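Given the structure is predicted, the values throughout are model-derived calculations rather than measurements.
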Amino acid sequence: IVRNNKLPAHILNLPWDKNKLKKEAEYNLQYDGLENYLVLDTFTPDGIELCDVMYIEKDKIYLIHVKYGFSAPIRELVNQITLSARRLYEDSKSAEKPYLTKIFEFLKAKKNYPLNLSLKEFKELFERKIVYVFAFTSGLANDDNIEENIEKYKSNIAKYSLIQCRQDMQTSVFDLNICQIKRK
């Protein structure tokens, strides 16, 4: 799953050193203000977080969900991804797109809103190919790459959750990429 669904390396290229960045929000905020990135961490219109970080390309947008460690909290990551995908899909069927409207209003209210887009242009971003991203750190002492060292990862909950997320997303209209965030 990891090997066949890798996120392009240039998208989440900042490391997560837990000694410097204790919380998920601190990691996500590293992308705030960077070109083509929007940080939406902790904003939950309708009780559902669209993503932690959004990355915009010419023909795609990446909706990135992040967790530290490959253990039991991965269940929460999977839940965030699947709920977000369902909510975004439902919103796409509406002409008004109320969920995206709430997100746009939140972004416009931020002091450093980096995009100069109208509401209509913001909604048009979501007409591009949408890719959800399952992003995590290793949580192991040596930051071992999961693709080459799966046997070192002992959490069956995390392994099963990743498989379940991939299966759930295969039945949705959105693609899923996987990213192991480097720690240093």
Side-chain angles (χ1 to χ4, degrees), residues 5-17 20-68 76-137 165 168-169 172-184:
N5 299 283
K6 277 188 185 177
L7 179 71
H10 70 279
I11 296 174
L12 275 183
N13 55 6
L14 299 176
W16 188 348
D17 182 346
K20 295 177 184 172
L21 305 169
K22 301 286 185 203
K23 298 180 180 177
E24 178 186 315
E26 293 173 310
Y27 174 76
N28 295 333
L29 282 173
Q30 292 184 106
Y31 293 95
D32 199 30
L34 296 181
E35 188 175 354
N36 298 327
Y37 289 91
L38 293 174
V39 175
L40 295 164
D41 184 31
T42 70
F43 181 62
T44 57
D46 303 336
I48 299 170
E49 185 178 67
L50 177 65
C51 61
D52 292 316
V53 178
M54 185 168 115
Y55 180 73
I56 304 163
E57 288 186 339
K58 182 180 175 184
D59 59 343
K60 292 180 187 174
I61 58 172
Y62 293 86
L63 303 177
I64 304 164
H65 291 265
V66 175
K67 283 288 175 250
Y68 189 89
E76 182 183 345
L77 179 68
V78 169
N79 192 39
Q80 288 173 330
I81 290 170
T82 55
L83 286 174
S84 172
R86 285 185 198 132
R87 183 64 186 96
L88 186 57
Y89 176 72
E90 289 301 316
D91 204 59
S92 72
K93 293 193 264 181
S94 162
E96 296 81 28
K97 298 184 180 16
Y99 183 67
L100 291 178
T101 300
K102 290 175 188 175
I103 292 168
F104 176 79
E105 290 167 357
F106 165 77
L107 288 169
K108 287 294 275 192
K110 288 176 70 171
K111 288 188 295 187
N112 60 344
Y113 175 59
L115 300 178
N116 190 21
L117 300 175
S118 67
L119 175 59
K120 179 181 181 287
E121 292 167 326
F122 179 75
K123 289 177 182 179
E124 287 171 352
L125 289 175
F126 293 84
E127 293 171 8
R128 299 174 187 188
K129 183 173 183 65
I130 297 171
V131 180
Y132 274 86
V133 179
F134 181 111
F136 65 95
T137 61
C165 186
D168 290 348
M169 293 304 284
S172 80
V173 296
F174 307 116
D175 287 347
L176 179 70
N177 282 177
I178 315 294
C179 177
Q180 181 175 342
I181 301 166
K182 298 293 176 202
R183 293 201 322 250
K184 290 186 185 184

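Two residues are said to be in side-chain contact when any heavy atoms from C-beta on lie closer than 4.5 Å; Val131 and Asn177 meet this criterion. Proximity of Ile181 to Tyr68: side-chain heavy atoms (C-beta onward) are nowhere separated by under 4.5 Å. In this structure, the side chains of Glu26 and Trp16 stay at 4.5 Å or more apart for every pair of heavy atoms. Proximity of Leu107 to Leu117: side-chain heavy atoms (C-beta onward) are nowhere separated by under 4.5 Å. The shortest side-chain heavy-atom distance between Asp175 and Lys129 falls under the 4.5 Å cut-off.
In this structure, the separation between CG on Asp32 and CG on Leu34 is 8.0 Å, given to the nearest 0.5 Å. Summarising the geometry, atom CD1 belonging to Ile11 is positioned 10.0 Å from atom OH belonging to Tyr31; distances are rounded to the nearest 0.5 Å. Note: Phe126 CZ to Leu63 CG = 6.0 Å, rounded to the nearest 0.5 Å. Between Tyr99 atom OH and Leu88 atom CG the span is 7.5 Å, to the nearest 0.5 Å. To the nearest 0.5 Å, the span separating CZ on Phe104 from CD on Glu121 amounts to 8.5 Å. Note that the OG1 atom of Thr82 and the CZ atom of Arg87 stand 14.5 Å from one another [nearest 0.5 Å].
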Identify every side-chain donor-acceptor pair in residues 48-58 under 3.5 Å, counting partners at least two apart or on other chains, and give the distances.
residue : atom : partner : partner atom : Å
Glu49   : OE2  : Thr42   : N            : 2.7
Asp52   : OD2  : Val66   : N            : 2.7
Glu57   : OE2  : His10   : NE2          : 2.9

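Side-chain atoms of Ser84 and Tyr132 form a donor-acceptor pair, as typed in the model, at a separation below 3.5 Å.
Here Arg86 does not pair with Glu90 in a salt bridge; the nearest charged N to carboxylate O distance is not below 4.0 Å.
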Next on the checklist: Apply side chain to side chain contact (heavy atoms under 4.5 Å, CB included) to residues Leu12 and Tyr27 and explain how you reach the verdict.
Outcome noted: CA-CA 11 Å; Leu12 275 183; Tyr27 174 76; 3.9 Å; yes

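The two residues Leu21 and Pro15 have their closest heavy-atom pair at CD1-O, 4.2 Å. Scanning all heavy atoms of the two residues, the minimum distance from Ile103 to Pro45 falls at CG1-CG, 3.8 Å. Closest non-hydrogen pair, Glu96 versus Thr101, comes out as O-OG1, 3.4 Å.
Heavy-atom neighbours of Lys20 NZ from other residues, nucleotides or ligands within 6.0 Å: at or below the threshold of 12.
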